[in-house]
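To start, the structure under review is shown below, and the notes come after it.
FYI, side chains are in, hydrogens and waters are out, and symmetry mates aren't considered; it's all heavy atoms of this structure.
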Amino acid sequence: MPTAKQSIYTVPTNRGNIGIAAPANSATTACCCASCAGLQCLDRTRFFAGQLLSEADLNNEQSYWLAKSRLHNRYLNGWGVVCGMQVVCAECAGWVTVQSGYAIDPCGNDVIVCANQNFNVVQAIQACCAPAQQQTANCSPLRYNPSPTCKDSTQEWCITIQYQEQASRLVTPLTSTTSQSTSTCGCSANGNGSSSSLSTSSSCKSSSTATQTAAATVPAGACEATRIVEGFLLGVVPAAQVAAALEAGNPNSLKAQVELCLAGLATLLEQAPPITQSTSAQSAYQSLCNYLALVTQVLTNATNITICTLLSDLSTIQIAAGQDVSVYIGILAQIVKLLVDAFLNCVCYTLIPPCPAQPCDSRIVLACVTVQNGTVTKICHYPGRKQLITLQTLGYWLGPLGLDALRAGVADLFALLCCGDKEERSQGPIVGSNIYNNAMMTTAGVTSGAALNRIATHYVAQNLGATAVNAISPGARAVDLRPLVNMQTETVQERLKEQGFKSFTVQSVDDDPAWDADAVTESAQYTPAAVSAGQPLTIYTKGNVAVGFDVVDPITVKIVDLQNQINALQGQMNQAQRTTGQVDEAQNPAPPAGQ
């Protein structure tokens, strides 16, 4: 009886008996059959002079490097869409267009869409919903009949892509045996057959075996393919199936494995006998013996022990009959302590990333679509799409948050430092007098313990602005300070009070050489674009004009306030000392000179 695939995604298996006590529902999860093999020991062809090469030797050479490539892709890079492969609406109803792109499937194969490909989604859905005419192959997806009254109803489906190979350029091999058939398979004179690398299908059926290129035994005179074209297969899968896989999560993730360790510890602690001073000695002895046997059995069957003395320490615990209840309470405390050590051992073991399990499905979800009355009404790439995180992807995503500006600034800095003339370098930010330009500095984000979080928040707020920040988080009450630059100081203070700022300090920079004309011109660029109304501010003024702002973190405010209190107290003490000295001098005048 064929078994259907349970998930469109990889179904990992638990890492053996990870927990110190495996929960009842933690049985190893495995699919009916894997789409490709896991780790394999490889061998490569060795060439030498006078060797008689056969097709097996040459094919093994290709298989070796293909296996190496898949190994690196799957275990080093991971799988998912690398770039492109966006799904967009097509001109014809019920069709979509898969744009060109590159992906790595769960088996490590390179999936390349070298040109935009049209795909009939409605036809693929109908092929999936139609009842099977014959028994399906093992690992084929489930088939079901749609409701007969489904007119005007909407359906959610996800479009998948799968690696596929296709033989092409058929030729007749040269043999000494007289062939009984001549080119009956359609071999052309130039040896070219079907060579399309863009293979599509209207069915959601996917291959269930690993990609193999081994040639079968071919009768004499039959055509042989001279090329293997790497292509792909498009299909569909119910969106509910993808959502269920996402909700189930990855049982091999660090979070899941740590939770398994916690569940094992909790299970054993719950089974600990409740021994108190009121418990009878005989009952305490019997329940403690049973509990020690249970703990010993669980730790003996564990496959992740790295504290090698754990079992020997457990075996040294001896329980004698006829002891006082307090002795049994102490023995129970020893067992619990060893369980805590076993839990720590389990957590430390799970910190080491495991190898990915054999994938149960080689398909990759590109996007999910909504279909109604034979027409695609909406396309959504998230959350079913798995984007492979690469340096190029991170650069693309972090560009709007300031990475592009940082890259351009570093490039300008290097160009000035390495390519500028002597006069330009002397005025630069590295060796010039503007190395500590106040317009480029802010205290927020560097004095707080959460510096990294503050810096990231600064990038987001500076690029989005107060309006966007308030729309995302209405409680932020963010204010954009950039329009206040170059306003009269009195006007700025009135505006800040109207917007809810209660603590701000005015600091003159008239005598600060760092605040030159260029710094004043650029100060608006570095003025905070989204500041909470409750934060203290420093207003830098030149003359009677506000030329810049600085956000002061609460810790600095407290330090400054404490310093002011100390200075005031010190002034009072000095004044008291001077007053005391004057009184003493008046009461005890100094004797005249010479006396």
>> Tell me whether Tyr64 at atom OH has more than 12 heavy atoms from other residues, nucleotides or ligands lying less than 6.0 Å away.
In response: yes
>> Could you walk me through whether Thr306 and Cys348 satisfy the side-chain contact (heavy atoms from CB on, under 4.5 Å) test, starting with their C-alpha distance in whole Å, then the side-chain angles of each, then the deciding distance to 0.1 Å, before giving a yes or no?
In response: CA-CA 9 Å; Thr306 58; Cys348 294; 5.6 Å; no
>> For a 4.5 angstrom cut-off between non-hydrogen side-chain atoms, does Leu388 reach Thr393?
In response: no
> Given Trp157 and Thr370, is the side-chain contact (heavy atoms from CB on, under 4.5 Å) satisfied, shown in steps?
Replying inline: CA-CA 7 Å; Trp157 292 80; Thr370 301; over 6 Å; no
>> Within the 4.5 Å heavy-atom criterion, are Val298 and Leu294 side-chain neighbours or not?
In response: yes
> Quick one: does Ile305's side chain get under 4.5 Å of Tyr349's, heavy atoms only?
Replying inline: no
> When rounded to the nearest 0.5 angstrom, what is the spacing between CD1 in Ile319 and CD in Gln334?
Replying inline: 9.5 Å
> Considering all heavy atoms of both residues, which atom of Pro106 and which atom of Ser362 are nearest to each other, and what is their separation?
Replying inline: CD-O, 3.5 Å
>> With a 6.0 Å cut-off (strictly less than), is the heavy-atom count around OH of Tyr382, excluding the residue itself, greater than 12?
In response: no
> With distance as the sole test, does Lys386 use its side chain to make a donor-acceptor pair with the main-chain N or O of Trp79 at under 3.5 Å?
Replying inline: yes
>> Counting C-beta onward and ignoring hydrogens, is there a side-chain heavy-atom pair between Val242 and Leu246 closer than 4.5 Å?
In response: yes
> Between Cys380 and Cys368, is the SG gap short of 2.5 Å?
Replying inline: no
> How far apart are the closest heavy atoms of Tyr291 and Pro273, and which atoms are they?
Replying inline: CG-CD, 3.6 Å
> When rounded to the nearest 0.5 angstrom, what distance separates CG in Leu254 from CD1 in Ile352?
Replying inline: 11.5 Å
>> To the nearest 0.5 Å, what is the distance between OG on Ser63 and CG on Leu42?
In response: 10.0 Å
>> Before you tell me yes or no, could you show the steps for Thr160 and Val236 under side-chain contact (heavy atoms from CB on, under 4.5 Å), namely the whole-Å CA-CA distance, both residues' side-chain angles and the distance that decides it to 0.1 Å?
In response: CA-CA 6 Å; Thr160 64; Val236 293; over 6 Å; no
> With no hydrogens and no angle check, is any side-chain donor or acceptor of Ser283 less than 3.5 Å from a backbone partner on Thr279?
Replying inline: no
> Does any non-hydrogen side-chain atom of Leu366 lie less than 4.5 Å from one of His381?
Replying inline: no
>> Tell me the closest heavy-atom pair linking Ile364 and Ile104, and the distance in Å.
In response: CD1-O, 3.4 Å
> Is there a donor-acceptor contact under 3.5 Å from the side chain of Thr45 to the main chain of Asp57?
Replying inline: yes
> Minimum heavy-atom separation for Val81 to Gln387, with atom names?
Replying inline: O-NE2, 2.9 Å
>> Can you give me the closest heavy-atom contact between Pro359 and Arg74, atom names plus distance?
In response: CD-NH2, 3.0 Å
>> Test your reading of the model: is there a side-chain donor-acceptor pair from Asn60 to the backbone of Ala56, 3.5 Å cut-off?
In response: no
>> For Trp65, I'd like to know if atom CH2 has over 12 heavy atoms of other residues, nucleotides or ligands within 6.0 Å.
In response: no
> If you look only at pairs with a residue in residues 320-333, which of them pass as a side-chain hydrogen bond (donor to acceptor under 3.5 Å, both in side chains), with sequence neighbours excluded?
Replying inline: Asp324-Ser326
> Looking only at heavy atoms, which two atoms of Val325 and Ser280 are closest? And how far apart?
Replying inline: CG2-C, 4.3 Å
>> With a sphere of 6.0 Å drawn around CD of Gln277, does it hold more than 12 non-hydrogen atoms of other residues, nucleotides or ligands?
In response: yes
>> Could you check whether any side-chain N or O of Asn304 sits under 3.5 Å from a backbone N or O of Cys346, counting only pairs where one atom can act as donor and the other as acceptor?
In response: no
> Run the side-chain contact (heavy atoms from CB on, under 4.5 Å) check on Leu311 and Ser315 step by step: do they pass?
Replying inline: CA-CA 6 Å; Leu311 291 176; Ser315 63; over 6 Å; no
>> For the backbone of Gly84 and the side chain of Gln99, can you confirm whether one donor and one acceptor N or O come within less than 3.5 Å of each other?
In response: no
> Do the side-chain N and O atoms of Asp110 and Tyr102 include a donor-acceptor pair separated by under 3.5 angstrom?
Replying inline: yes
> Does Ile159 reach the side chain of Val365, with side-chain heavy atoms less than 4.5 Å apart?
Replying inline: no
> Roughly how far apart are Ile228 CD1 and Asn59 CG, rounded to 0.5 Å?
Replying inline: 9.0 Å
>> Is any side-chain heavy atom of Leu71 closer than 4.5 Å to one of Leu39?
In response: yes
> Between Leu314 and Val295, is any pair of side-chain heavy atoms under 4.5 Å apart?
Replying inline: yes
>> Working to the nearest 0.5 angstrom, can you tell me the gap between Met85 CE and Arg385 CZ?
In response: 8.0 Å
> Distance from Ser312 atom OG to Ile307 atom CD1, nearest 0.5 Å?
Replying inline: 11.0 Å
>> Under the rule for salt bridge (charged side-chain N to carboxylate O under 4.0 Å, His left out), what residues qualify as partners of Glu61, not counting sequence neighbours?
In response: none
